[in-house]
Amino acid sequence: MSKLSIIVAIYKSERNIRPFYEDFCRNIKPYIEDYELIMVNDGSPDNSWKIMKELAAKDKKIKLIKLSRNYGAIEAVFTGMKYSSGDCVTDKACDLQEPASLTLEMFQEWKGGAKSVIAVRESRNDPKVTKAFAAVYYWLVRKLVIKDMPQGGFDTYLIDRKIVDQIITMNDRNSPLTLQILWMGFNPQKVYYERRKREIGKSSWTVSKKLKLFLDSFVGFSYIPIRFMSGIGMIFFLISIIWGINLIVSKLKGTIPIQGYTTTLVMLLFSAGLIMFTLGLLGEYVWRTLDAARRRPITIVDELVNMEDEK
């Protein structure tokens, strides 16, 4: 009997939890052999935890994890993986933007032998700004980080226990789970779907979180930023040599004009700005190295419900 672990990260979703569970019971539960529904409260400040506990009291297959504070959706899902016991694991958003049939389709692909299944968005009913950011992000990831990233990108996936255990062993910080899955290979199978418009509540996927995802994707999986700094440094080194030779020749000819204050100031400001930018980029790598070297836990669990074995 195959057991499916479904992980749901909860943050400011008090209005979505009951409709999500009702949709699960109606469209997924009757069609799977065994399951566990792991809901992770990511430090949600509303009544989400109370509603989650009410549902868990009625259904013992709902397992709850309460984190000590808000860590982020990726960290919450990673924690859910650590407590999962299924033969395969999938993550599912609580906003009902992904059809229930998608989970069943991925599950059938896994039963057919696929170790990794990713749900690719063919289209999405999101605001234009969100679509634009997503398009640029996935294009850059595909060109500079991992060429196997689908054109429409993906957030939802279903992976075999073997991959889950490997992700837990790697224990990567500041690292998108989607890119970890692609990086590991296992020939991911693709299923396609249309992302629905959100009907209940408001997304907490803020601009700052999007920018962090952007930085984590490139700094954690690509040497391109470091190569960029090296390339810029080499270009400026060559320019300085050419400029220096030009000044020496002009000095010997006695043709150096008194004017030049504006040019000098512009070059100085541009160079200083470039130096600060490259130092900041290098600092991103240093910070992530420090974060990994301290070996702090990715999340801290405050409370568990319906968990037989604490991990």
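Side-chain atoms are counted along with the backbone in the values below, which use heavy atoms only and exclude waters and symmetry mates.
A salt bridge links Asp34 with Lys61; the closest basic N to acidic carboxylate O contact falls under 4.0 Å. A salt bridge is absent between Arg15 and Asp46; no separation between the charged side-chain nitrogens and carboxylate oxygens falls under 4.0 Å.
Of all the heavy atoms in Ile163 and Ser116, the pair that sits closest is CD1-CB, 3.8 Å. Between Tyr31 and Asn27 the shortest heavy-atom distance is CD1-O, 3.4 Å. Closest heavy-atom contact between Tyr11 and Gly43: CE1-O, 3.7 Å. Of all the heavy atoms in Val8 and Cys94, the pair that sits closest is CG1-CB, 3.8 Å.
In this structure a side-chain-to-backbone donor-acceptor pair under 3.5 Å is missing from Glu75 to Thr299. Proximity of a side-chain donor or acceptor of Ser68 to a complementary backbone N or O of Val301 within less than 3.5 Å is not detected. For Glu36 (side chain) and Lys63 (main-chain N/O), no donor-acceptor pair under 3.5 Å exists by modelled atom type. In this structure a side-chain-to-backbone donor-acceptor pair under 3.5 Å is present from Asn70 to Asp42.
Atom NZ of Lys115 has 12 or fewer neighbouring heavy atoms from other residues, nucleotides or ligands inside a 6.0 Å radius.
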Show me the donor-acceptor pairs, under 3.5 Å and distance only, between side chains in residues 49-57 and residues at least two apart or in other chains.
residue	atom	partner	partner atom	Å
Glu54	OE1	Arg18	NH2	2.3

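Taking 4.5 Å as the limit, every side-chain heavy atom of Ile28 sits out of range of all side-chain heavy atoms of Phe107. Pro188 is not listed as a side-chain neighbour of Asp148, based on a closest heavy-atom distance of 4.5 Å or more. Contact annotation: the side chain of Lys66 never approaches that of Val305 to less than 4.5 Å [non-hydrogen atoms, C-beta and beyond]. Under the 4.5 Å side-chain criterion, counting only non-hydrogen atoms from C-beta, Ser48 is not in contact with Lys12. Put simply, the side chain of Ser84 reaches to within 4.5 Å of the side chain of Arg161, judged on heavy atoms.
Partners of Lys111 by salt bridge (charged side-chain N to carboxylate O under 4.0 Å, His left out), not counting sequence neighbours, listed by chain and number: Glu33.
Annotation: ring pair (Phe, Tyr, Trp, His ring centres under 6.0 Å) contacts involving residues 50-72, sequence neighbours excluded, are absent.
Distance check: Met170 CE to Gln180 CD gives 4.0 Å after rounding to the nearest 0.5 Å. The OG atom of Ser2 lies 5.5 Å from the CG atom of Asp87; values are rounded to the nearest 0.5 Å. Separating the CG atom in Leu102 from the OG1 atom in Thr90 is a distance of 7.5 Å, to the nearest 0.5 Å. If you take OG1 on Thr103 and CE on Met106, they are separated by 5.0 Å, rounding to the nearest 0.5 Å.
The side chain to side chain contact (heavy atoms under 4.5 Å, CB included) with Ile65 is formed by just one residue from the set Ile7, Thr79, Asn41; it is Thr79.
Note on ring orientation: taking the six-membered ring where Trp is involved, the planes of Phe20 and Phe24 are parallel (angle under 30°, cut-offs 30° and 60°).
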